[in-house]
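Everything below concerns the one structure shown next.
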Amino acid sequence: YYCRVTVGKTVTSPLSLFKAVYCKRKVHCYTPKPCYRKKLCPKSRGRDMANKENELACAGNLPAKLHNSRTHLLNSSDSGSSQTEGPSSKYSAFFSEVSQDHETMAQVLFSRNLRLNVALTFWRRRSISELVAYLVRIQDLGVVVDCLPVLTNSLQEEKPYVSVGCCVDLLPLVKSLLKSKYEEYVIVGLNWLQAVIKRWWSELSAHTEKVEDGNIHILKQQLSVLWEQENHLTLVPGYTGNIAK
């Protein structure tokens, strides 16, 4: 500073010049750097600290946000499940009621299929007497209804392997069919009776003394008893009443 004031004058002492130069360098080199750092460092620190504070604040709120979002998702899933469970719960009683006898029905159909396979074996071997004996032994009207139309067709075609004795043995089962509450069973029994009467009408309408086969006498008596017991079928309207007449 002393040298700046005395510019243009002769310097008498080299020590003072050295001190002036040293001070000038010291002032020129040392003072700007702290000023530069003092101006910029607080700004950078403020931004960093602000970012860190924001990050910490966000991190602190993150669990709460996650909890809220999770709660919202769970509530939405519960509402969706309740909407989907509504119709199913509505018809659950209906389905349980329908399926409660499903296993029993499956067992009945399985056993019926086995019996029909046995009857089919006798039919393929043309063992009609064994087939009739089998039907009489099992006493299953469902199997009888399935097998009787085949025998009815054989009677209509006058096949020789269906004898009068087979018809005599089958007549009690047909009588049970006529007493059934199912109209289909009644129609099957009446169709078989009609085929039997047409097949042996000449023997059934002849005098008893001229008939040599004893089975014709038994069949005629059975038909008479059946007519006395089941003549009310003629009063049934429709196809069933017409066949009975």
Side-chain angles (χ1 to χ4, degrees), residues 104-105 108-245:
T104 304
M105 191 63 183
V108 170
L109 293 177
F110 179 75
S111 60
R112 184 172 178 178
N113 186 35
L114 291 178
R115 293 177 177 180
L116 284 175
N117 288 330
V118 176
L120 182 61
T121 302
F122 292 134
W123 173 258
R124 287 175 176 175
R125 294 189 301 183
R126 291 295 184 268
S127 301
I128 306 302
S129 59
E130 295 180 1
L131 174 60
V132 173
Y134 175 72
L135 295 177
V136 172
R137 184 170 66 253
I138 63 175
Q139 293 290 318
D140 191 344
L141 296 182
V143 179
V144 173
V145 169
D146 291 335
C147 296
L148 207 60
V150 180
L151 299 175
T152 302
N153 293 333
S154 299
L155 290 172
Q156 292 174 352
E157 296 174 359
E158 297 184 358
K159 300 293 183 179
Y161 43 79
V162 181
S163 62
V164 181
C166 293
C167 296
V168 171
D169 295 336
L170 278 175
L171 197 57
L173 292 176
V174 174
K175 185 178 180 179
S176 300
L177 292 179
L178 297 180
K179 294 180 179 180
S180 175
K181 60 181 180 180
Y182 302 110
E183 187 177 8
E184 181 183 0
Y185 286 19
V186 177
I187 291 174
V188 170
L190 290 175
N191 287 331
W192 182 84
L193 284 173
Q194 188 180 26
V196 169
I197 293 172
K198 288 183 177 180
R199 174 66 178 82
W200 286 286
W201 174 248
S202 58
E203 289 82 356
L204 292 173
S205 60
H207 294 286
T208 308
E209 295 80 6
K210 297 181 178 179
V211 178
E212 298 178 357
D213 192 355
N215 289 323
I216 296 294
H217 293 281
I218 298 174
L219 183 60
K220 190 173 183 177
Q221 293 176 359
Q222 288 177 338
L223 291 174
S224 300
V225 175
L226 185 63
W227 170 251
E228 293 177 359
Q229 295 177 354
E230 305 297 335
N231 56 6
H232 64 278
L233 292 176
T234 57
L235 303 177
V236 177
Y239 181 74
T240 303
N242 293 331
I243 299 177
K245 291 177 183 179

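These numbers were taken from a predicted model, which means no experiment stands behind them.
L109 CG to T104 OG1: the interatomic distance, rounded to the nearest 0.5 Å, is 11.0 Å. A distance of 10.0 Å separates OG1 of T121 from CG of L131, quoted to the nearest 0.5 Å. Distance CG/L170 to CD/Q222: 10.0 Å, rounded to 0.5 Å. Rounding to the nearest 0.5 Å gives a distance of 11.5 Å between CG of D146 and CG of L120. Interatomic distance, C167 SG to I216 CD1, rounded to the nearest 0.5 Å: 9.0 Å. Atom CG of residue L219 and atom CG of residue D169 lie 11.0 Å apart, to the nearest 0.5 angstrom.
A donor-acceptor pair under 3.5 Å is absent between the side-chain atoms of S180 and the main chain of S176, judged by distance alone. With hydrogens and angles disregarded, a donor-acceptor distance shorter than 3.5 Å links the side chain of R112 to the backbone of G142. Panel note: side chain E158, backbone L155; no donor-acceptor pair is recorded below 3.5 Å. At least one donor-acceptor pair under 3.5 Å links the side chain of N191 to the backbone N or O of I187.
With a 6.0 Å cutoff to the six-membered ring centre and a 45° limit on the axis angle, R126 counts as a cation-pi contact of W123.
Under a cut-off of 6.0 angstrom, the local environment of CZ in R124 is sparse, with at most 12 non-hydrogen atoms contributed by other residues, nucleotides or ligands. Summarising the local packing, CD of Q229 is surrounded by more than 12 heavy atoms from other residues, nucleotides or ligands at distances under 6.0 Å. Counted within 6.0 Å of OH on Y161, heavy atoms from surrounding residues, nucleotides or ligands total more than 12; the atom is thus considered enclosed.
No option in L204, I218, N215 other than N215 meets the side chain to side chain contact (heavy atoms under 4.5 Å, CB included) test with V164.
Using a 4.5 Å cut-off on side-chain heavy atoms (C-beta onward), L178 and L193 make contact. When side chains are defined from C-beta on, L148 does not count as touching L135, because their heavy atoms never get closer than 4.5 Å. For the pair Y134/C147, no side-chain contact is recorded, criterion being any heavy-atom separation below 4.5 Å from C-beta on. Contact annotation: the side chain of V144 never approaches that of Q139 to less than 4.5 Å [non-hydrogen atoms, C-beta and beyond]. Side chains of K179 and E230 form a contact here, defined as non-hydrogen atoms less than 4.5 Å apart.
The minimum heavy-atom distance linking T152 with A195 is given by the pair CG2-CB, 3.8 Å. Considering every non-hydrogen atom in both I138 and R115, the closest pair reads CD1-CD, 4.2 Å. Listed here is the closest heavy atom pair of G189 and V174: O-CG1, 3.7 Å. Across all their heavy atoms, K220 and A206 have their closest contact at NZ-O, 3.6 Å.
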